[in-house]
Amino acid sequence: MTIIEKPDSNVIIFDDMPPEANAMILALYSRSPQSVNNHRERVAKIGPDKFMGQYYVGYGHQSIGDCGTTNICLENVSMLAAKAIQNNRLYNGQEASTRYLPMQDQAVLNPLGTHEGVVIQEKWMRLYSQALEVLVPFLKEKYAMKEGEKEKEYEKAINARAFDIARAFLPAGCTTYVGWHSTLRQAWDHVNDMLFHPLEEVRELAEQTLAQLREKYPNSFGFERREEIDQYHNYISSVYFSQRESFATFEVNANGLCKTEINIHPHLQNILATRPRKAEVPPFFEKFGTITFRFNLDFGSFRDIQRHRSCFQTMPLLTTKLGFHPWYLESLPEGFRDEAEHTISQQKDAISSIEDEAVAQYYTAMGFQVACDLVASLPSAVYIAELRSTQAVHPTLRPIAQQMGSKLQELLPYMALYVNYSPDEWSTIRGKHDIVKKSE
């Protein structure tokens with residue numbers, strides 16, 4: 001034993017090993033209190049593949065898989081499959097944005113394989129394309145470019161607003177692209193869950209993903225399956241879309257939040273009251289419980305809010321029963337609005353003939369509303385209310401965030417809250433929200 005006045009600390013950053021080897025190198029800390037440089041040397045000498053084959057599987061602790069990461073890209077999958085992939089609170093990734101990209105050239109799935117299915121999907125995509133054609137000139141007339149605005153940013157902002165409106169007509173069977181950055185352990189856990197998803201497309205994607213993961217990382221995906229657990233997953237799949245009720249108004253259940261415990265401690269109140277803008281509520285406030293928010297929201301904007309990982313959200317069933325969100329129709333030129341409403345009515349009748357509700361989702365446009373429930377701790381609820389109330393957020397989602405903010409302020413009146421309650425306004429700011437070369 002050596003007694004020292006100050007620690008002889010080191011900071012070592014490395015990323016030159018394959019994911020499995022990285023995971024094992026870190027795991028060796030738990031069995032050998034030596035510098036990571038020694039562990040890296042040892043693995044490099046034996047060779048990552050040989051070393052992993054000797055030790056990883058035999059170690060028997062899945063936490064090793066948390067130390068290695070990989071990128072999984074799933075391309076030309078439906079909007080529904082994208083939500084299944086992202087339905088994981090540890091998901092990290094990106095998806096093709098319907099708010100910034102034209103989708104009329106994307107393939108659209110017809111899982112029924114019928115002529116009737118083709119007709120429904122073609123009608124939605126035709127309406128989407130027509131909407132973009134009429135919206136761009138309509139929006140340019142409505143929001144003329146102002147002096148001092150950059151033309152390129154103005155054009156991008158106009159297109160972005162057109163995409164915001166037209167996306168309502170995209171069927172959930174329209175394909176998209178999803179990138180998922182995951183630890184090896186979470187990839188196993190979530191893909192394993194997806195193997196039992198109610199949608200055949202998701203199950204097939206899970207099988208393909210697992211097969212590739214096993215081939216690329218044989219030491220991390222060799223776990224044996226257990227029949228009783230598979231049966232349990234099958235049961236969960238059978239009640240997957242159990243959230244079917246609608247909510248007449250925005251509903252909040254704050255019974256899970258221990259306000260009394262916060263209120264009796266002045267220092268806790270002061271932390272909330274003095275919080276500056278953009279500072280997050282400290283994570284330890286999670287221990288005071290959760291708040292449940294229930295609301296109806298179009299599936300397009302549900303896709304946006306579902307990406308928040310700090311809260312729990314039930315995956316809703318997309319149907320036509322809760323109606324088409326009125327904002328989309330109100331945002332159309334008057335003449336085209338009548339045509340869109342007529343098409344929507346026809347499509348509802350056609351979709352009603354599909355017996356399997358899960359499959360019918362592929363043929364249902366994303367402007368239709370779904371029943372959402374969002375369970376969040378105080379830090380999570382504050383973050384979502386503030387972030388999603390800003391002007392750049394989709395106009396059908398902003399009011400939900402604003403109502404969340406109002407309820408939070410009512411629950412804890414002394415809390416500093418920075419929710420944007422201003423009405424939706426036109427600006428070219430979204431024309432700047434892009435990935436471009438610096439020379440531009």
Side-chain angles (χ1 to χ4, degrees), residues 97-99 143 157 160-161 163-165 167-168 245-257 259 262 272-273 275-281 285 289-314 316 322-331 366-430 433:
S97 174
T98 57
R99 299 191 66 199
Y143 306 114
R161 177 50 69 107
F163 294 143
D164 274 355
I165 301 167
R167 79 164 183 193
E245 71 266 40
S246 62
F247 306 112
T249 58
F250 183 89
E251 300 176 9
V252 178
N253 183 341
N255 293 336
L257 183 68
K259 289 191 298 177
I262 298 174
L272 295 178
R275 182 178 69 96
R277 187 180 295 273
K278 294 189 177 181
E280 296 186 19
V281 175
F285 273 86
T290 59
I291 310 167
T292 300
F293 302 90
R294 297 188 178 96
F295 48 88
N296 292 335
L297 182 66
D298 62 280
F299 188 73
S301 279
F302 167 75
R303 293 173 65 251
D304 296 335
I305 199 169
Q306 189 251 11
R307 287 194 281 269
H308 283 281
R309 305 298 157 212
S310 59
C311 59
F312 173 82
Q313 299 181 71
T314 304
L322 302 184
F324 208 83
H325 197 294
W327 178 85
Y328 293 101
L329 297 173
E330 293 166 359
S331 301
M366 298 200 302
F368 282 102
Q369 298 183 93
V370 291
C372 306
D373 65 344
L374 186 156
V375 183
S377 65
L378 184 61
S380 173
V382 169
Y383 178 81
I384 294 170
E386 292 182 346
L387 180 70
R388 292 296 179 175
S389 65
T390 58
Q391 283 286 345
V393 173
H394 195 279
T396 64
L397 180 53
R398 283 193 74 216
I400 298 297
Q402 290 167 340
Q403 290 180 82
M404 289 177 66
S406 294
K407 187 60 183 181
L408 289 169
Q409 200 74 79
E410 180 185 325
L411 290 169
L412 301 166
Y414 51 81
M415 178 169 61
L417 201 60
Y418 304 97
V419 175
N420 186 333
Y421 293 107
S422 65
D424 188 46
E425 299 173 355
W426 163 257
S427 78
T428 59
I429 189 170
R430 288 188 58 214
H433 295 177

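FYI, side chains are in, hydrogens and waters are out, and symmetry mates aren't considered; it's all heavy atoms of this structure.
Under a 3.5 Å cut-off, the side chain of Q409 and the backbone N or O of V419 do not form any donor-acceptor pair. A donor-acceptor pair under 3.5 Å is formed between the side chain of Y421 and the backbone N or O of S406.
Not counting sequence neighbours, E425 has no partner by the salt bridge (charged side-chain N to carboxylate O under 4.0 Å, His left out) test.
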Subject >> Derivation of the side-chain contact (heavy atoms from CB on, under 4.5 Å) call for I262 and L272 >> reply: CA-CA 10 Å; I262 298 174; L272 295 178; 4.1 Å; yes
**OP:** Given ring pair (Phe, Tyr, Trp, His ring centres under 6.0 Å), test Y328 with H394 step by step and report yes or no.
**Re:** CA-CA 11 Å; Y328 293 101; H394 195 279; 5.5 Å; yes
Subject >> Pair I291-L408, side-chain contact (heavy atoms from CB on, under 4.5 Å): steps then yes or no >> reply: CA-CA 9 Å; I291 310 167; L408 289 169; 3.6 Å; yes
**OP:** Let me see the working for I400 and F293 under side-chain contact (heavy atoms from CB on, under 4.5 Å), right down to the final yes or no.
**Re:** CA-CA 9 Å; I400 298 297; F293 302 90; over 6 Å; no
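Looking at R430 and Q391, their side chains never come closer than 4.5 Å, going by heavy atoms from C-beta outward. The closest side-chain heavy-atom distance from R398 to P423 is not below 4.5 Å.
Atom CZ of F302 sits about 13.0 Å away from atom OG1 of T396, to the nearest 0.5 Å. Atom-to-atom distance recorded for Y143:OH and R161:CZ is 5.0 Å, nearest 0.5 angstrom. Between atom CD1 of residue I165 and atom CD of residue E330 there is a gap of 11.0 Å, rounded to the nearest 0.5 Å. Rounded to the nearest 0.5 angstrom, M415 CE and F285 CZ are separated by 9.5 Å. Rounded to the nearest 0.5 angstrom, F250 CZ and Q403 CD are separated by 5.0 Å. Atom OG1 of T292 sits about 10.5 Å away from atom CG of L257, to the nearest 0.5 Å.
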Which pairs would a plain distance check flag for residues 379-389, meaning a side-chain donor or acceptor within less than 3.5 Å of a matching protein atom at least two apart in sequence or in another chain?
from : atom 1 : to   : atom 2 : distance (Å)
S380 : OG     : S310 : O      : 3.4
S380 : OG     : S310 : OG     : 2.7
E386 : OE1    : R275 : NH1    : 3.4
E386 : OE2    : R275 : NH2    : 2.4
E386 : OE2    : Y418 : N      : 2.8
R388 : NE     : H308 : NE2    : 2.9
R388 : NH2    : D304 : O      : 3.2
S389 : OG     : A385 : O      : 3.0
S389 : OG     : E386 : O      : 3.0
S389 : OG     : N420 : N      : 2.9

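Between F324 and F368, the angle of the ring planes goes over 60°, which puts this pair in the perpendicular group of the 30/60° scheme.
In this model, no donor atom of one side chain and acceptor atom of the other lie less than 3.5 Å apart for R294 and T314.
Test R167, Q369, R99 against S301 for side chain to side chain donor-acceptor pair (under 3.5 Å) and you get one pass: R167.
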